[in-house]
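Structure, as structure tokens:
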Amino acid sequence: MEKKRLLDKLGRPLRDLRISVTDRCNFRCSYCMPAEIFDKDFMFLPKDDVLTFEEIKRLSTLFVKAAGIEKLRITGGEPLVRKDLTRLVRMLSEVEGIKDIAMTTNGALLAKHAKDLKAAGLHRVTISLDSLDDERFRKINGRNIGVAQIFEGIEAAKEAGLGVKLNMVVQRGMNEDDILPMVRHFKDTSIILRFIEFMDVGNTNGWNLDQVVSKKEIFERINKEIPIEPIKPNYEGEVATRFRFKDNGNEIGIISSVTDAFCSSCSRARLSADGKLVTCLFASKGHDLRDLMRSGASDEAMIDRMAEIWTGRHDRYSEERLSNTDKKQIRKIEMSHIGG
Ligand code: SAM
Ligand code: SF4
Ligand code: SF4
């Protein structure tokens, strides 16, 4: 297939697509879906508003045609709370041109599904784990789920032959003391651990710059006890800064959206569970593709619309964040709608 390139206003290609399959989640992480706000009265998307698997497959196929994307990442909310997700993975693995399908998950339901997901065509999982301390982890996830359940998911994913990475969001006052225990635990395994700076996504997590543990501080905390050194990115636009342990060469990463933004190479589009194309994690709104599709638009019309949205893109929120004094006035899409 001839490979297309679609460039935005800042010359950035569209390379990969993150698909949120649900806005619901079995966790209530304080930094993402705080339980006081996402409570029993919270209005999640009605079922009819959420894209069907057939619609997700069609849009993915059209993204390949519009921009030559090769990578898909399935996310949420929590993707594994969506019924029959394995069927979607199988459908997406049939899309011509897609070479890599990954999933970001909290891991709580992974032990049950890992084998089937792998058989359906999933290549890799990124599992979020913010602490090894059981009590602290139960508190962070807001659902009293213990660390052991996530480890069962990690083991099942490895056994199934899925690639496994771990994400840990670091928030000051919450889990900065977990950085070193996590490094010690995973450094001699095949699992790549990545620390994520706490970000001001959405409007509900009470973000404050003082709660951000910077890439520099994370690096120093690790390097002081276990020496690490920077290594080159795997590809242009990789979000994690990569390091390796000086003793065994294993990799570790830090994702620094706040203190060292990477907007200049940002090549990801996000599709929300209700079919909006979102061109930045911090956008106020997305561009509807669902209603256009449901109104009977042809493939050509859909591709034209996708191209129009991407080529009109000029987002660089993280590069502007610290100089934007009006930031309180910006209303942003919640993380649970677009999945990171
Ligand atoms: N539920 C899945 C999970 O937790 O892995 C997928 C969706 S979750 C929104 C995707 C990633 O975003 C997770 O690794 C999560 O830790 C991260 N995340 C959520 N809120 C964040 C925040 N405020 N700052 C930094 N990372 C955040
Ligand atoms: Fe759910 Fe993931 Fe958000 Fe935690 S980070 S509340 S697991 S969507
Ligand atoms: Fe991309 Fe927006 Fe994040 Fe910048 S702030 S890296 S444009 S998602």
Please determine whether side-chain hydrogen bond (donor to acceptor under 3.5 Å, both in side chains) holds for the pair T311 and K9, giving the CA-CA distance in whole Å, both sets of side-chain angles, and the decisive distance to 0.1 Å. CA-CA 6 Å; T311 53; K9 288 260 180 280; over 6 Å; no

Short N-O contact, [X] and [Y], less than 4.0 angstrom:
{"X": "E308", "Y": "R305", "value": "yes"}
{"X": "D291", "Y": "R294", "value": "no"}
{"X": "K112", "Y": "E152", "value": "no"}
{"X": "D200", "Y": "K332", "value": "yes"}
{"X": "E94", "Y": "K57", "value": "yes"}
{"X": "E225", "Y": "R184", "value": "yes"}
{"X": "R58", "Y": "D299", "value": "yes"}
{"X": "D100", "Y": "R73", "value": "no"}
{"X": "R15", "Y": "E70", "value": "no"}
{"X": "D116", "Y": "K118", "value": "no"}
{"X": "E251", "Y": "R242", "value": "yes"}

Beyond-backbone contact of [X] with [Y], side-chain heavy atoms, under 4.5 angstrom:
{"X": "F198", "Y": "V213", "answer": "no"}
{"X": "D133", "Y": "D178", "answer": "yes"}
{"X": "T279", "Y": "D8", "answer": "no"}

Under a single-linkage definition using a 4.5 Å side-chain heavy-atom cutoff for Ile, Leu, Val, Met, Phe, Trp and Tyr, are [X] and [Y] assigned to the same hydrophobic cluster?
{"X": "V212", "Y": "F262", "answer": "yes"}
{"X": "L59", "Y": "L45", "answer": "no"}
{"X": "F38", "Y": "M199", "answer": "no"}
{"X": "V125", "Y": "I192", "answer": "no"}
{"X": "V201", "Y": "M33", "answer": "no"}

Would you confirm whether the ring centroid of H337 sits within less than 6.0 angstrom of the ring centroid of F44?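 No - the distance between ring centres of F44 and H337 does not fall below the 6.0 Å cut-off.
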
Would you check if there is a donor-acceptor pair between the side chains of [Y] and [X] at a distance under 3.5 Å?
{"X": "E78", "Y": "T22", "result": "no"}
{"X": "S257", "Y": "S318", "result": "yes"}
{"X": "T259", "Y": "E197", "result": "yes"}
{"X": "N175", "Y": "S131", "result": "no"}
{"X": "N106", "Y": "N26", "result": "yes"}

Chi angles and distances behind the salt bridge (Lys or Arg N to Asp or Glu O under 4.0 Å) call for E229, R244: CA-CA 5 Å; E229 60 193 1; R244 72 174 163 224; 2.9 Å; yes

Calculate, to the nearest 0.5 Å, the distance between atoms [atom1] and [atom2] belonging to [X] and [Y] respectively.
{"X": "I69", "Y": "L17", "atom1": "CD1", "atom2": "CG", "result": "4.5 Å"}
{"X": "F243", "Y": "I222", "atom1": "CZ", "atom2": "CD1", "result": "8.0 Å"}
{"X": "R270", "Y": "I19", "atom1": "CZ", "atom2": "CD1", "result": "12.5 Å"}

Verdict with supporting geometry, K47 and D49, salt bridge (Lys or Arg N to Asp or Glu O under 4.0 Å): CA-CA 5 Å; K47 191 166 179 273; D49 283 5; over 6 Å; no

Under the side-chain hydrogen bond (donor to acceptor under 3.5 Å, both in side chains) criterion, do D188 and N250 qualify, and how do the steps go? CA-CA 7 Å; D188 296 312; N250 283 347; 4.8 Å; no

Candidate pair F245 and I226, rule side chain to side chain contact (heavy atoms under 4.5 Å, CB included), full reasoning: CA-CA 7 Å; F245 297 107; I226 307 167; 3.6 Å; yes

Cationic tip of R321 within the cone over F282's six-membered ring, i.e. under 6.0 Å and within 45° of the normal?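 Here R321 passes the 6.0 Å and 45° test against F282.
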
K139 to F27, cation-pi by 6.0 Å centre distance and 45° axis angle: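 No.
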
In sequence, state the C-alpha distance, the side-chain angles, and the governing distance for L281 and Y317, and then conclude on side chain to side chain contact (heavy atoms under 4.5 Å, CB included). CA-CA 8 Å; L281 190 50; Y317 178 91; over 6 Å; no

Around atom CD of E220, are there more than 12 heavy atoms from other residues, nucleotides or ligands closer than 6.0 Å? yes

Return yes when atom NZ of K187 has more than 12 non-hydrogen atoms of other residues, nucleotides or ligands closer than 6.0 Å, and no otherwise.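 Enclosed.
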
Applying side chain to side chain contact (heavy atoms under 4.5 Å, CB included) to V183 and R221, what does each step give before you reach the verdict? CA-CA 10 Å; V183 173; R221 277 175 180 256; over 6 Å; no

